[in-house]
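These numbers come from the heavy atoms of this one structure, side chains and all, not from hydrogens, waters or symmetry mates.
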Amino acid sequence: MSDLDESIGKILLELQKDDPETFAKLMKKAQQDNPELFEDGDSENKEIEEYNKKVDEYNKKIDNE
């Protein structure tokens with residue numbers, strides 16, 4: 001099953017690059033049909049984004065010194 005997951009992931013990445021509007025529609029439909037797939041990851045992703053922002057700010061601060 002991991003080969004299938006990897007293939008789907010690659011297809012979605014290509015679609016996101018080539019046709020972002022269709023990708024957004026597809027993801028919105030997937031979220032409506034299967035909201036449980038998006039619930040836990042969102043809070044974890046937000047934490048990761050906040051951490052990455054702090055790291056970026058710290059790196060900029062060090063670069064400016």
Next on the checklist: Hydrophobic clusters here meaning ILVMFWY residues chained together by side-chain heavy-atom distances under 4.5 Å, can you tell me if Ile8 and Leu26 are in one?
Outcome noted: yes

Checklist entry - How many angstroms lie between CG in Asp18 and CD1 in Ile11, if you round to the nearest 0.5 Å? => result 12.0 Å

Checklist entry - What distance do Gln16 atom CD and Thr22 atom OG1 have between them, rounded to the nearest 0.5 Å? => result 12.0 Å

Checklist entry - Do Glu6 and Lys10 meet the salt-bridge criterion of a basic N to acidic O distance under 4.0 Å? => result yes

Item to check | Pairwise distance NZ(Lys17) to CG(Leu15) - rounded to 0.5 angstrom | outcome: 11.5 Å

Checklist entry - What about Leu4 and Leu13, same hydrophobic cluster or not, with Ile/Leu/Val/Met/Phe/Trp/Tyr joined at side-chain heavy-atom distances under 4.5 Å? => result no

Checklist entry - Distance from Lys25 atom NZ to Met27 atom CE, nearest 0.5 Å? => result 15.5 Å

Item to check | Test salt bridge (charged side-chain N to carboxylate O under 4.0 Å, His left out) applied to Asp56 and Lys60, step by step | outcome: CA-CA 6 Å; Asp56 287 341; Lys60 286 179 185 178; over 6 Å; no

Next on the checklist: Does atom CD (Glu21) have a neighbourhood of more than 12 heavy atoms from anything else shown, all under 6.0 Å?
Outcome noted: no

